[in-house]
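Within every chain, numbering begins at 1; the chains are lettered A, B, ... in the order of the sequence lines, protein sequences first and strands thereafter. All of these numbers come straight from a predicted model, not from anything done at the bench.
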There are 2 protein chains.
Amino acid sequence: MIFPPELIKGTFKTIVLKLLADNKKMYGYEITQRVKELTLERIQMTEGTLYPTLHALESEGLVTTETEYIGKRVRKYYSLSPSGKAKSKEKVKEFAEFVATMQLLLDTNLKPI
Amino acid sequence: MIFPPELIKGTFKTIVLKLLADNKKMYGYEITQRVKELTLERIQMTEGTLYPTLHALESEGLVTTETEYIGKRVRKYYSLSPSGKAKSKEKVKEFAEFVATMQLLLDTNLKPI
DNA sequence: ATAAATACATTGGAATCTTATGTATTATTG
DNA sequence: CAATAATACATAAGATTCCAATGTATTTAT
């Protein structure tokens with residue numbers, strides 16, 4: 001199943017923060033591949049989505065970066081700042097509560113008499 | 001907890017279709033109240049969101065309408081069309097699979113060695 | 001050699017919600 | 001009985017946010 005974009009929208013920050021929380025440091029391309037792999041290709045995080053997300057997280061002070069050269073090719077690693085670690089937990093929890101709330105709606109609800 | 005709009009966005013059609021699947025016919029204001037009630041006020045579906053959603057569903061042929069007068073006040077009831085019933089099931093299933101896929105990402109995933 | 005994969009990045013457009021506003025009726029309450 | 005809250009519809013302008021497309025460059029595989 002391919003998910004409509006409007007469903008995935010709004011979860012990108014959560015996904016990136018969580019991956020960084022589990023992996024200390026990752027670079028952009030690595031994140032796109034990991035998402036693809038972990039979701040069995042059901043969610044594709046394209047570059048047009050990922051890089052703006054990473055840059056936003058950086059400007060919010062939630063991640064820090066360090067650049068590394070592999071041969072001549074640059075690689076930019078992202079790591080969570082202390083506030084980023086807190087934010088990661090918060091966003092994961094928020095998503096869980098959101099799902100729980102949606103369940104209240106999507107489990108069968110007959111009109112009371 | 002109040003959910004950020006970008007998380008709820010994209011679920012409105014699913015919510016409305018599901019409520020109509022369970023309740024045969026509902027009118028707009030009733031839907032806003034039911035959502036508030038079922039989610040313990042965690043999700044508010046405002047009129048600016050609901051009416052455009054209902055009109056979109058109607059133009060897609062997923063719902064039909066009938067107008068009723070309560071005194072002088074008009075009330076517009078919405079019901080699922082056959083294709084709307086199918087769509088409702090599809091969207092609910094889609095959301096469930098989306099959640100399952102997100103779980104793959106949000107459960108702890110350490111980098112393989 | 002050529003193609004595919006790796007790796008960064010930006011931009012314009014599209015889609016979608018949200019705030020604000022508008023109109024009107026009915027019920028409640030002080 | 002006047003004022004307020006609740007009921008009930010609706011739209012429009014603006015903000016936000018993604019996404020497809022595009023661009024550059026290096027490395028690896030065929």
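Across all strands, A:G28 comes closer than 4.0 Å only to sugar-phosphate atoms, never to a base (heavy-atom distances). Using a 4.0 Å heavy-atom cutoff across all strands shown, B:F3 reaches no nucleic acid atom at all.
Between B:E60 atom CD and C:dA15 atom P the separation is 13 Å, expressed in whole Å. Atom CD in A:E37 sits about 16 Å away from atom C1' in C:dA5, given to the nearest Å. Across the protein-nucleic acid pair, A:M45 atom CE and D:dA20 atom C1' stand 16 Å apart, rounded to whole Å. The distance from atom OH of A:Y78 to atom C1' of C:dA9 is 9 Å, rounded to the nearest whole Å. Look at CD1 on A:I43: it is 13 Å from P on D:dC18, rounded to the nearest Å. C:dA9 atom C1' lies 15 Å from atom CD1 of A:I31, rounded to whole Å. Computed from coordinates, the B:Y77 OH to D:dA8 C1' distance equals 12 Å when rounded to whole Å. Atom CD1 of A:I8 and atom P of D:dC19 are 7 Å apart (whole Å).
With hydrogens and angles disregarded, a donor-acceptor distance shorter than 3.5 Å links the side chain of B:S83 to the backbone of B:G61. Between the side chain of A:S81 and the main chain of A:L62, a donor-acceptor pair closer than 3.5 Å is present. No donor-acceptor pair closer than 3.5 Å links the side chain of B:S88 to the backbone N or O of B:G84. Using modelled atom types, one side-chain atom of B:T101 and one backbone atom of B:E97 make a donor-acceptor pair closer than 3.5 Å.
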Next on the checklist: Using a 4.0 Å heavy-atom cut-off to protein, can you give one letter per nucleotide of nucleotides 22-30 of chain D, 5' to 3': B if the base is in contact, S if only the sugar-phosphate is, - if neither?
Outcome noted: ----BS---
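B:L20 and B:Y78 make their closest contact through CD2-O, 3.3 Å (heavy atoms, listed as atom of the first residue, atom of the second, distance). In terms of heavy atoms, A:V16 sits closest to A:L50 at CG2-CD1, 3.9 Å. Contact detail for A:L104 and B:T39: the closest heavy-atom pair is CD1-CA, 4.0 Å.
Cation-pi contact between B:K25 and B:Y77: present, with separation from the ring centre below 6.0 Å and deviation from the ring axis of at most 45°.
At D:dC9, none of the side-chain N or O atoms of B:Y27 fall inside 4.0 Å of OP1 or OP2 (strictly under the cut-off). Between A:T46 and the phosphate of D:dC19, there is no side-chain N or O to OP1/OP2 separation shorter than 4.0 Å. The side chain of B:H55 places an N or O atom within less than 4.0 Å of a non-bridging phosphate oxygen (OP1 or OP2) of D:dT11. For the OP1/OP2 pair of D:dA10 and a distance below 4.0 Å, the side-chain nitrogens and oxygens of B:Y51 include no atom meeting the criterion.
Ion pairing of A:E94 with A:K91 is present here, as a side-chain N (NZ or NE/NH1/NH2) and a carboxylate O approach within less than 4.0 Å.
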Enumerate the protein-to-nucleotides 15-17 of chain D contacts in which both atoms are nitrogen or oxygen and the separation is below 3.5 Å.
none

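For A:K13, the salt bridge (Lys or Arg N to Asp or Glu O under 4.0 Å) partners at least two apart in sequence or on another chain are A:E60.
DNA chain D is contacted by both B:Q33 and B:L54; B:Q33 maps to the nucleotide lying nearer its 5′ end (nearest heavy atom per residue). In terms of position along DNA chain C, the nucleotide closest to A:R75 lies nearer the 5' end than the nucleotide closest to the other residue of the pair A:R75 and A:T49.
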